[in-house]
Amino acid sequence: MGIHSLFTIYYSRLLAATLLPLIGGCANVGYYWQSVSGQLEVWRRERPVAEVLADPAAAQALKDKLARVLEIRAFASRELGLPDNQSYRRYADLGRPFVVWNVFAAPEFSVEPLRWCLAFAGCVNYRGYFERAAAEQFAAELARQGHEVYIGGVPAYSTLGWFDDPVLSTFIHYLDVDIAQLVFHELAHQVAYAKDDTAFNESFAAVVEQEGVRRWVARAGDARQLEEFERNHRARTEFAQLVQKARGRLEALYRTRLAPEAMRERKSALLAALEAEYRELKAGWGGIDRYDRWFAQQPNNAQLASVGLYTQLAPAFEALLLRERGDLGRFYAAVKDLAALPADQRAARLAALSLAGDK
């Protein structure tokens, strides 16, 4: 057993011993324990990328991808100013499609997601599980309580710099541009993090990933890949805007005094209209159909809320990046300043930035 493995086991036991006294209730004990044991399992499966590259038994396709990840990783620190540490320099084959499954939930007549508060990480609008069955069990309990639920598979996550995040088998098969997008996004979480503000954190990382990929593709000089990236970015932006509009319509509906049955009927009509608008919008995307599966799950409040968390503040961060003339160092410093503000002041600053960006 190597030093890294010994350290991992020791630290994880220390982490568990620290967390458990902070938790009130058996349900939370179980949740934290699955988090600790799940992280332990990821660490157990890790190998240095250099070791995999030198392994004659490793598939050449995997080696090619890992070599590309190292190039992306170097670009992230050299050109984007993202943390230069040991994250994404180790590889773990998990043997499953996702590393974590996130559970989102919202009341029947609200698009505001439920929140859960965790030691160290603060309050977030989802709960992540390392096993799909555990996520489904938790979602079923929330559904029994009358909430609408949505489970989303996650190919990677950030430990916010507490640990070195690895390259995972859950995303190594992605296209190079998608791997770059993911790596830039997760490293951005190590730059700035506002406690208890999921929308802030995810929207910031989303803007970093988009700007990072745009620069990475432009540097590679691949006109075709740049065009493909811009097409996908446009589709993603328009999809998010479409969902945000639908969410706004539902919010307005839920503020009315309609009786429950009338509310449900009107809600169903709005969700049907959302799907019809998507089909019309998709017709102009030149064959991009990546959101078909999202609609196939029959969108509900929780599903709409999950999209908003990742995109709703992106216009404010885009305006801030523009204000800083694309200087990522100054942009990161400004974002850190925002993250340090009280929540109400931070929201007011972001709202002003969004308005400025609309002009």
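Just so it is clear, the structure is predicted and the values come from calculations on it, not from any experiment. Both backbone and side-chain heavy atoms feed into the values below; hydrogens, waters and symmetry mates do not.
- Applying the 6.0 Å contact sphere to CZ of Arg346 captures more than 12 heavy atoms from other residues, nucleotides or ligands.
- Aromatic ring centres of Tyr129 and Tyr31: separated by under 6.0 Å.
- Across all non-hydrogen atoms, the minimal contact from Leu53 to Ala67 is CD2-N, 4.2 Å.
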Please tabulate, for the side chains in residues 104-113, all donor-acceptor contacts under 3.5 angstrom to protein atoms that are two or more places apart in sequence or on a different chain.
from   : atom 1 : to     : atom 2 : distance (Å)
Glu108 : OE1    : Arg264 : NH2    : 3.4
Glu108 : OE2    : Arg264 : NE     : 2.5
Ser110 : OG     : Glu112 : N      : 3.1
Glu112 : OE2    : Arg247 : NH2    : 3.4

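- More than 12 non-hydrogen atoms from other residues, nucleotides or ligands lie less than 6.0 angstrom from CD of Gln145.
- Pairs of residues two or more places apart, or lying in two chains, that qualify as ring-ring contact (aromatic ring centres under 6.0 Å, His included) and include a residue from residues 330-356 are Phe204-Phe331.
- The closest donor-acceptor contact from the side chain of Asp165 to the backbone of Ser87 lies at 3.5 Å or more, if one exists at all.
- Taking CG of Leu242 as the start and CG of Leu274 as the end, the distance is 5.0 Å to the nearest 0.5 Å.
- Considering every non-hydrogen atom in both Val149 and Ala143, the closest pair reads CG1-N, 4.1 Å.
- In terms of modelled atom types and a separation under 3.5 Å, the side chain of Lys65 and the main chain of Tyr174 share a donor-acceptor contact.
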#### Entry: Derivation and outcome, side chain to side chain contact (heavy atoms under 4.5 Å, CB included), residues Tyr88 and Val167
CA-CA 5 Å; Tyr88 304 109; Val167 182; 4.0 Å; yes

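- Ionic pairing of Glu230 and Arg234 is not present here: no N-O contact between side-chain nitrogen and carboxylate oxygen is shorter than 4.0 angstrom.
- Under a 3.5 Å cut-off, the side chain of Ser268 and the backbone N or O of Glu265 do not form any donor-acceptor pair.
- With sequence neighbours excluded, no residue forms a salt bridge (charged side-chain N to carboxylate O under 4.0 Å, His left out) with Glu227.
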#### Entry: Verdict with reasoning, Glu51 to Arg90, per salt bridge (charged side-chain N to carboxylate O under 4.0 Å, His left out)
CA-CA 9 Å; Glu51 180 182 304; Arg90 298 178 68 83; over 6 Å; no

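- Taking CG of Leu187 as the start and CG of Leu182 as the end, the distance is 9.5 Å to the nearest 0.5 Å.
- Here the closest heavy-atom approach between residue Asp84 and residue Arg89 is recorded as OD1-NH2, 3.1 Å.
- Listed by first and then second residue, the salt bridge (Lys or Arg N to Asp or Glu O under 4.0 Å) pairs involving residues 325-337 are Glu324-Arg330 (not counting sequence neighbours).
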### Query
Which is it for Arg115 and Asp196 under the side chain to side chain contact (heavy atoms under 4.5 Å, CB included) test, yes or no, and what are the steps along the way?
CA-CA 9 Å; Arg115 302 178 79 206; Asp196 303 341; 3.5 Å; yes

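- With sequence neighbours excluded, the residues forming a side chain to side chain contact (heavy atoms under 4.5 Å, CB included) with Val177 are Leu175, Val213, Trp216, Val217, Gln225, Phe229, listed by chain and number.
- Of all heavy-atom pairs between Thr170 and Pro155, the closest is OG1-O, 2.6 Å.
- Checked for salt-bridge contact, Arg214 and Glu318 miss the test: no charged N lies under 4.0 Å from a carboxylate O.
- Counting only heavy atoms from C-beta outward, the side chains of Leu168 and Val42 approach each other to under 4.5 Å.
- Heavy-atom contacts from other residues, nucleotides or ligands closer than 6.0 Å to CD of Glu280 number 12 or fewer.
- For the atom pair CZ of Arg279 and CD of Glu277, the computed distance is 10.5 Å after rounding to the nearest 0.5 Å.
- A salt bridge between Arg219 and Glu79 is present, with a side-chain N of the basic residue lying under 4.0 Å from a carboxylate O of the acidic one.
- No side-chain N or O of Tyr157 forms a donor-acceptor pair with one of Asn102 less than 3.5 Å apart.
- Salt-bridge formation is not detected for the pair Arg127/Glu141: no Lys NZ or Arg NE/NH1/NH2 atom is positioned less than 4.0 Å from an Asp or Glu carboxylate oxygen.
- Distance check, rounded to the nearest 0.5 Å: CD of Glu238 to NZ of Lys282 gives 14.0 Å.
- Within a 6.0 Å radius of CZ in Arg45, more than 12 heavy atoms belonging to other residues, nucleotides or ligands are found.
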### Message
Using the rule given for side chain to side chain contact (heavy atoms under 4.5 Å, CB included), can you reason through Phe171 versus Asp178, listing the C-alpha separation, both sets of side-chain angles and the distance that settles it, and then say yes or no?
### Response
CA-CA 9 Å; Phe171 65 83; Asp178 292 328; over 6 Å; no

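- In this structure, Ser169 and Tyr91 approach most closely via the heavy-atom pair CB-OH, 3.4 Å.
- The shortest side-chain heavy-atom distance between Glu186 and Glu209 does not fall under the 4.5 Å cut-off.
- Taken from CG in Leu313 to CG in Leu353, the straight-line distance is 10.5 Å, to the nearest 0.5 Å.
- Glu41 has no carboxylate O lying under 4.0 Å from a charged side-chain N of Arg96, or vice versa, which leaves the two without a salt bridge.
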### Query
Should Gln210 and Thr237 be marked as a side chain to side chain contact (heavy atoms under 4.5 Å, CB included) after you check the CA-CA gap, both sets of side-chain angles, and the distance that decides it?
CA-CA 11 Å; Gln210 294 298 332; Thr237 301; over 6 Å; no

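- A single hydrophobic cluster is not seen to contain both Val335 and Leu322; linkage of ILVMFWY side chains at heavy-atom distances under 4.5 Å, directly or through other members, places them apart.
- Side-chain contact between Leu62 and Asp93 is absent, with no heavy atoms from C-beta onward closer than 4.5 Å.
- Considering every non-hydrogen atom in both Glu46 and Pro166, the closest pair reads OE2-CG, 3.4 Å.
- Remark: Lys267 NZ to Leu253 CG distance equals 9.0 Å, nearest 0.5 Å.
- Between Phe138 and Trp116, the distance from one ring center to the other falls under 6.0 angstrom.
- By the 4.5 Å heavy-atom criterion applied to side chains, Asp176 and Glu71 are not counted as neighbours.
- Under the side chain to side chain contact (heavy atoms under 4.5 Å, CB included) criterion, Arg78 pairs with Ala74, Phe75, not counting sequence neighbours.
- No side-chain donor-acceptor contact under 3.5 Å links Ser354 to the backbone of Pro315.
- Judged by distance alone, the side chain of Arg231 and the main-chain N or O of Trp285 form a donor-acceptor pair under 3.5 Å.
- The shortest side-chain heavy-atom distance between Gln303 and Val243 does not fall under the 4.5 Å cut-off.
- In this pair, Tyr278 and Tyr291 present their aromatic rings perpendicular. The plane angle is above 60°, beyond the 30 to 60° band.
- Counting heavy atoms from C-beta on, the side chains of Gln244 and Gln312 come closer than 4.5 Å.
- In this structure, Leu250 and Leu271 have side chains that are in contact, with non-hydrogen atoms separated by less than 4.5 Å.
- Leu82 has its side chain out of reach of Val183: every pair of non-hydrogen atoms, C-beta onward, lies at least 4.5 Å apart.
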